[in-house]
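Note on naming: letters A, B, ... go to the chains in the order of the sequence lines (proteins, then strands), and numbering restarts at 1 for each one.
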Amino acid sequence: MKISKPRGTRDFLPLENHKRRYIENRLRDCALRWGYQEIKTPTFEHIELFTVKSGEGILGEIYNFKDKGDREIALRPELTAPVMRMYVNELTSVPKPVKLYYFDNCFRYERPQKGRFREFWQFGVELIGSQRPEADSEIIALACQMLKEAGVDGDLHIGHLGIIRSLFEGQDSEVSSQIMRLVDKKDDKGLDEYLDKINADIEMRDKLVKLINLTGSSAVDEVRTLIGDLPQLSDFRTLLELMDIYGLEYTVDFGIARGLDYYTGMVFEIYSSGLGAQNQVCGGGSYGLAHLFGGQKIASTGFAIGFDRIMEVCTIEPPVQERAVVVYSEQTYKEAIRIATDLKKHMIVDMDVMGRSFGAQLKYANAIGARCAVIIGEDEAALGKVSLKDMDSGKQVLVDKNDLQNHIATYILK
RNA sequence: GCCCGGGUGGGGUAGGGGUUAUCCUAUAGGACUGUGGAUCCUUCGACUCGGGUUCGAUUCCCGACCCGGGCCCCA
């Protein structure tokens with residue numbers, strides 16, 4: 001009986017996996033150079049971690065089960081909550097800021113479609129301990145840099161929740177959450193209907209509609225005339241100035257919203273074309289979560305990159321990996337192993353394990369796209385040499401086995 | 001959970017109520033046990049599953065599953 005893989009999961013064959021790993025390493029490398037350190041959290045957590053963060057509403061999309069000790073366990077649907085849980089448990093007394101990155105798989109029970117799977121990978125970065133624009137701008141700049149190094153083009157949109165939230169001070173939090181959700185969806189009609197339904201204050205309503213449609217460089221000034229001199233506004237202005245210093249293009253977009261309360265200030269999203277309905281490749285912002293997990297209140301800012309989505313649009317190909325095949329006969333097997341073992345210190349080396357003839361070994365070398373064949377037959381063995389064959393040109397030279405690696409590097413790989 | 005489209009060897013396909021189910025490619029072996037790419041031969045290998053209609057279903061109908069696209073959701 002043939003067993004298929006579960007819905008929404010994928011197998012990665014060598015070619016694709018190699019590319020994924022290559023891009024992953026570029027992202028890691030970038031995060032490390034910016035001073036972020038990798039952490040790892042468990043694949044499963046107590047389910048409360050996620051319901052506390054995101055509400056009971058997420059239960060429908062979580063992979064969860066009871067373990068044998070009757071504990072309610074969830075496969076992580078995201079990584080920010082586990083990282084902050086870890087911070088509260090282990091890292092509260094290390095020097096601030098705490099700068100962390102992670103790359104891991106997450107699980108959500110959703111209908112699969114383009115760019116959306118039930119097991120998917122997130123690359124994320126969190127900066128814990130600062131609520132200053134310097135922190136926010138560094139995080140956005142790092143996100144952009146990482147996408148750039150992965151060969152992904154994106155449109156950066158930056159907004160600020162503190163500013164939009166100031167409009168509904170004194171409102172029921174249920175009401176403001178609902179408004180935020182509709183704003184986030186860009187559902188203007190739904191928003192109108194909802195504002196009608198709750199009989200929203202005309203002035204607030206007018207300001208809200210204007211605010212979420214503000215874009216461009218003059219937006220900050222327009223906000224000031226619209227709702228006055230908020231303290232968050234000067235931070236936001238500083239943030240935008242810093243973005244200019246980083247040399248990044250962006251669109252100010254007060255229409256970016258989040259339906260959850262723990263987002264506090266700056267929010268940003270990066271979109272990429274060619275992905276269909278799931279065009280967001282990165283999302284982030286500043287937030288306060290530690291206190292929800294039993295820690296002290298502390299400001300954080302971070303983002304997560306949808307790794308599977310950037311793989312769909314990334315333009316970078318990993319460098320070709322050159323291979324050599326060591327070809328031998330029955331009598332020279334031992335010597336061939338010695339030579340291959342030595343050569344493996346420098347490049348990818350294959351040797352026949354199928355009991356194939358000389359010709360068939362070369363055929364195999366050709367089939368796997370080997371760059372050269374190192375032939376060690378009885379004639380060569382008698383001379384203490386090997387034949388080195390360039391598989392592209394077909395030319396073959398006799399070289400001393402001690403010069404083999406050198407010769408390959410100089411004349412074949414160049 | 002909802003809507004639309006689709007499922008034929010490992011990959012790509014032709015076909016169609018009764019066929020030995022087409023072709024290409026890939027794999028393994030051989031022609032060819034000291035030299036690859038070409039050619040030829042052999043081998044392996046498929047109608048997603050379950051019901052229904054029918055004398056007979058891979059083909060028609062329904063459902064499930066899976067894939068793709070969209071909705072919902074997006075922490």
With the side chain of A/Ser387 defined as its heavy atoms from C-beta on, choose the nearest nucleotide among B/C72, B/U35, B/A75. B/U35

Complement of B/G1, any strand, by Watson-Crick or G-U distances under 3.5 angstrom: B/C71

A/Glu174 and A/Gln178: side chain donor to acceptor below 3.5 Å: no

Expressed as a whole number of angstroms, how long is the span from A/Gln278:CD to B/C72:C1'? 11 Å

Using the C1' atom in both, what is the distance from B/C23 to B/C47, to the nearest Å? 16 Å

Rounded to whole Å, NZ of A/Lys186 lies from P of B/C74 at a distance of 14 Å

Heavy atoms only, 4.0 Å cut-off, all strands: where does A/Lys185 land among base, sugar-phosphate and nothing? sugar-phosphate

Nearest to the side chain of A/Met354, which nucleotide is it out of B/C74, B/G34, B/G29? B/G29

Under 4.0 Å between any heavy atoms, over every strand shown, what does A/Gly276 touch: base, sugar-phosphate, or nothing? Just pick one. sugar-phosphate

Across the strands shown, which category fits A/Gly115 at heavy-atom distances under 4.0 angstrom: base, sugar-phosphate, nothing? nothing

Stepwise, does the salt bridge (Lys or Arg N to Asp or Glu O under 4.0 Å) test hold for A/Arg371 with A/Asp390? CA-CA 7 Å; A/Arg371 190 69 185 68; A/Asp390 184 319; 3.2 Å; yes

So, A/Arg118 side chain and A/Pro112 main chain: donor-acceptor pair closer than 3.5 Å or not? no

Locate the shortest heavy-atom distance separating A/Phe358 from A/Gly377; write the atom from each residue and the value. CZ-CA, 4.2 Å

Work out how far the P atom of B/A75 is from that of B/C3, and round it to whole angstrom. 26 Å

Separation of B/U35 atom P from A/Asp352 atom CG, nearest Å, is 16 Å

At less than 3.5 Å, do the side-chain atoms of A/Arg181 and the base atoms of B/C73 form a donor-acceptor pair? no

Quick check: any donor-acceptor pair below 3.5 Å linking the side-chain of A/Arg116 to the base of B/G70? no

For A/Asp342 and A/Gln405, does a side-chain donor sit closer than 3.5 Å to a side-chain acceptor? no

Whole angstroms only, please: what is the CG-P distance between A/Leu275 and B/G68? 14 Å

Whole-Å distance between B/U27 C1' and A/Ile368 CD1? 15 Å

Rounded to whole angstrom, note down the C1' distance from B/G17 over to B/U13. 22 Å

Out of B/A75, B/C4, B/C66, which has the shortest distance to the side chain of A/Arg111? B/C4

To the nearest angstrom, how far is A/Phe117 atom CZ from B/C74 atom C1'? 15 Å

d(CE, A/Met180; P, B/C73) in whole Å: 16 Å

Taking the side chain of A/Lys114 as heavy atoms from C-beta outward, which of B/G69, B/G36, B/C67 is closest to it? B/G69

On the nucleotide B/G68, are OP1 or OP2 found under 4.0 Å from the side-chain N or O atoms that A/Gln113 carries? no

Per the under-4.0 Å heavy-atom filter, residues of residues 396-414 of chain A near RNA chain B come out as A/Gln396

Atom pair distance, as rounded to whole Å: NZ in A/Lys395 and C1' in B/G37: 17 Å

Measure from the ring center of A/Phe123 to the ring center of A/Phe307 and say whether it is less than 6.0 Å. no

B/C44 and B/U27: how far apart are their C1' atoms, nearest whole angstrom? 8 Å

Please determine whether any donor N or O and acceptor N or O are separated by less than 3.5 Å between the side chain of A/Arg356 and the base of B/G29. no

Taking atom types as modelled, find out whether A/Glu119 and A/Tyr63 have a side-chain donor-acceptor pair closer than 3.5 angstrom. no

Looking at every strand, decide which applies to A/Glu269 at a 4.0 Å heavy-atom threshold: base, sugar-phosphate, or nothing. nothing

Kindly point out which of B/U33, B/A75, B/U39 is positioned nearest to the side chain of A/Lys363? B/U39

Any N or O donor-acceptor pair linking the side chain of A/Gln331 to the base of B/G34 at under 3.5 Å? no

Quiz item: A/Arg108 side-chain donor-acceptor pair to B/A75 base, under 3.5 Å: yes

So what does A/Ile58 hit on the nucleic acid, given a heavy-atom distance under 4.0 Å: a base, only sugar-phosphate, or nothing? base

Would you measure the distance from the C1' atom in B/U59 across to the matching atom in B/U8 and give it in whole Å? 11 Å

Could you tell me which nucleotide pairs with B/G7 by Watson-Crick or G-U wobble geometry, both distances under 3.5 Å, or answer none if nothing does? B/C65

For B/C74 versus B/G70, give the span between their C1' atoms, rounded off to a whole number of Å. 15 Å

Determine yes or no for a side-chain-to-main-chain donor-acceptor pair under 3.5 angstrom, with A/Asp308 supplying the side chain and A/Trp121 the backbone. yes

From the list B/A75, B/C73, B/C2, which nucleotide is the closest neighbour of the side chain of A/Tyr262? B/A75

Taking atom C1' in both B/U22 and B/G45, what distance in whole Å separates the two? 15 Å

Name the nucleic acid region contacted by A/Tyr328, choosing base, sugar-phosphate or nothing; use a 4.0 angstrom heavy-atom cut-off, strictly under. nothing

Upstream residue (5' side of RNA chain B) when A/Gly8 and A/Asn366 are each assigned their closest nucleotide: A/Asn366

Worked check of salt bridge (Lys or Arg N to Asp or Glu O under 4.0 Å) between A/Lys385 and A/Asp403: CA-CA 9 Å; A/Lys385 301 204 176 218; A/Asp403 289 341; over 6 Å; no

How far, in whole Å, is B/G18 from B/A57 if one measures between their C1' atoms? 10 Å

Compare every heavy atom of A/Leu27 with every heavy atom of A/Ala150, then report the nearest pair and how far apart it is. CB-CD2, 4.0 Å

